[in-house]
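Order of listing sets the numbers, starting from 1, for every ligand and every atom in it. The figures that follow rest on heavy atoms only: side chains count, while hydrogens, waters and symmetry mates do not.
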Amino acid sequence: MSSKQSNSTIRHFLQLTDLTLDELKYVLKRAQIIKNKFKRYEPHMPLYDRTLAMVFEKASTRTRVSFEAGMYQMGGSVINLTSNDSQLGRSEPIEDTARVVSRMVDIVMIRTFGQERLERFAHHSRVPVINGLTNEFHPCQILADVLTFIEKRGDIEGKVVTWIGDANNMSYTWLQAAQMLNFKLHISAPKGYQLDPARIQGIPQEFYQEFDNPLDACVGADLVTTDVWTSMGYEEENEIRRRAFADWQVDNQLMARAKPDALFMHCLPAHRGEEVTASVIDGPQSVVWDEAENRMHAQKALMEFLLLGRLDEEENA
Ligand code: CP
Ligand code: NVA
């Protein structure tokens, strides 16, 4: 590893495809090892001298807690910034923030609006930058979701994942995962909220299929997943979306179309009675709490990889 802040080969995680397939599989495997140690109360502190800065320009519960707890567990320290309590909220350019923050910490996680803003930060950062959610992608969540699927059902290759909801940060990241890990994504959204042709140009049909009817999208699914009808940053569309998405609710009828052992996931926060019924999210097929917990384990493996590279896998699960 090169000396502090002079590493010319900084690795960022701005989208899932910033990892190679091999690296993605390594991080998932490593997450399981780190999780098993956590469950055994076995210390795992490879980042004892490192500092994580988190920058939140949107609200968060899981992302904040999972990164913060994860970094402390690995022996490091955490600094939390929001637009309200930093100069970002008073128009300091994101580039200047990146230059300054990255001289003092070892790794940065940002949750912001446009992907382009995250990329500008990364471009001016001396240290690895992690996407903690943008309008375009939510790669940390998909790391956790895939980890959860593998834990419960084994390899995701060749499986069917059904996405009920709009073309948003989650569904576009699922689409990247489908191409990397070779599974099929079924997607159903109301008209006007479907995938943007410009963003899916060139993606082979073997990786995804769009369905007008959400019931049809669930047929043969190994996993059904959904998200809030209105993502952060789009709140002014709340009322119109509430009407448009009324038939895109994951209920028992939809789950009945999926395979009998299909899992249900939701990145959370959830709105029971809107995108999902209480009977499904609180029902036997739901794995949402393990999914949320796995944010922490997956991100510990990710931070370890970005800062220390691949470690010997002599520590078996
Ligand atoms: N799923 C997720 O990213 O949750 P938070 O918005 O609470 O961080
Ligand atoms: N699509 C949602 C995910 C929240 C974790 C949003 O962007 O608000």
Any protein N or O within less than 3.5 Å of an N or O in ligand 2? List each pair with its distance, or say none.
| unit_1 | atom_1 | unit_2 | atom_2 | d |
| --- | --- | --- | --- | --- |
| ligand 2 | 1 (N) | Asn168 | ND2 | 3.4 |
| ligand 2 | 1 (N) | Asn169 | OD1 | 2.9 |
| ligand 2 | 1 (N) | Asp227 | OD2 | 2.6 |
| ligand 2 | 1 (N) | Ser231 | OG | 2.8 |
| ligand 2 | 7 (O) | Asn169 | ND2 | 2.8 |
| ligand 2 | 8 (O) | Met232 | N | 2.8 |

Q: Mind running side-chain hydrogen bond (donor to acceptor under 3.5 Å, both in side chains) on Asn294 and Glu151 for me, showing each step along the way?
A: CA-CA 10 Å; Asn294 278 341; Glu151 265 186 338; 3.0 Å; yes
Q: List, by chain and number, the other hydrophobic cluster members for Tyr193, where Ile, Leu, Val, Met, Phe, Trp and Tyr join if side-chain heavy atoms come within less than 4.5 Å, directly or indirectly.
A: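 Its cluster partners, ordered by chain and number, are Ile164, Leu215, Val224, Trp229, Ile240, Phe245, Trp248, Val250, Leu254, Met255, Phe264, Leu268, Val276, Val280, Ile281, Val288, Trp289.
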Q: Of all the heavy-atom pairs spanning Asn169 and Thr134, show the shortest one and how long it is.
A: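 Closest pair (atom of Asn169, atom of Thr134, distance): ND2-O, 3.0 Å.
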Q: For residues Asp227 and Ser231, report the shortest heavy-atom separation together with the two atoms involved.
A: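 For Asp227 versus Ser231, the nearest heavy atoms are OD2-OG, 4.4 Å.
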Q: Apply the side-chain hydrogen bond (donor to acceptor under 3.5 Å, both in side chains) test between Glu304 and each candidate in Gln299, Arg50, Arg30; give the one that qualifies.
A: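 By the side-chain hydrogen bond (donor to acceptor under 3.5 Å, both in side chains) criterion, Glu304 pairs with just one of Gln299, Arg50, Arg30: Arg30.
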Within the protein, flag every N or O under 3.5 Å from an N or O of ligand 1, and note the pair and distance.
| unit_1 | atom_1 | unit_2 | atom_2 | d |
| --- | --- | --- | --- | --- |
| ligand 1 | 1 (N) | Gln141 | OE1 | 2.9 |
| ligand 1 | 1 (N) | Cys267 | O | 2.8 |
| ligand 1 | 1 (N) | Leu268 | O | 3.0 |
| ligand 1 | 3 (O) | Thr63 | OG1 | 3.1 |
| ligand 1 | 3 (O) | Arg111 | NH2 | 2.9 |
| ligand 1 | 3 (O) | His138 | NE2 | 2.9 |
| ligand 1 | 3 (O) | Arg295 | NH1 | 3.0 |
| ligand 1 | 4 (O) | Arg62 | NE | 2.8 |
| ligand 1 | 4 (O) | Leu268 | O | 3.4 |
| ligand 1 | 6 (O) | Arg111 | NH1 | 2.8 |
| ligand 1 | 7 (O) | Thr61 | N | 2.7 |
| ligand 1 | 7 (O) | Arg62 | N | 2.8 |
| ligand 1 | 7 (O) | Arg62 | NE | 3.1 |
| ligand 1 | 7 (O) | Arg62 | NH2 | 3.0 |
| ligand 1 | 8 (O) | Ser60 | OG | 2.7 |
| ligand 1 | 8 (O) | Arg62 | N | 3.4 |
| ligand 1 | 8 (O) | Thr63 | N | 2.8 |
| ligand 1 | 8 (O) | Thr63 | OG1 | 2.7 |
| ligand 1 | 8 (O) | Arg111 | NH1 | 3.3 |
| ligand 1 | 8 (O) | Arg111 | NH2 | 3.3 |

**Q.** Partner residues of Asp282 under the side-chain hydrogen bond (donor to acceptor under 3.5 Å, both in side chains) criterion, sequence neighbours left out
**A.**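 Testing Asp282 for side-chain hydrogen bond (donor to acceptor under 3.5 Å, both in side chains), a comparison that skips the adjacent residues, returns Arg272.
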Q. Any donor and acceptor pair, going by atom type alone, linking the side chain of Gln194 with main-chain N or O of Ala189 inside 3.5 Å?
A.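 It does hold such a pair.
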Q | Gln32 and Lys29, any side-chain heavy atoms less than 4.5 Å apart | A |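 Sidechains of Gln32 and Lys29: no contact.
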Q. Say you draw a straight line from CD of Glu136 to CG of Asn168; how long is it, rounded to the nearest 0.5 Å?
A.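 Going from CD on Glu136 over to CG on Asn168, the span is 11.0 Å.
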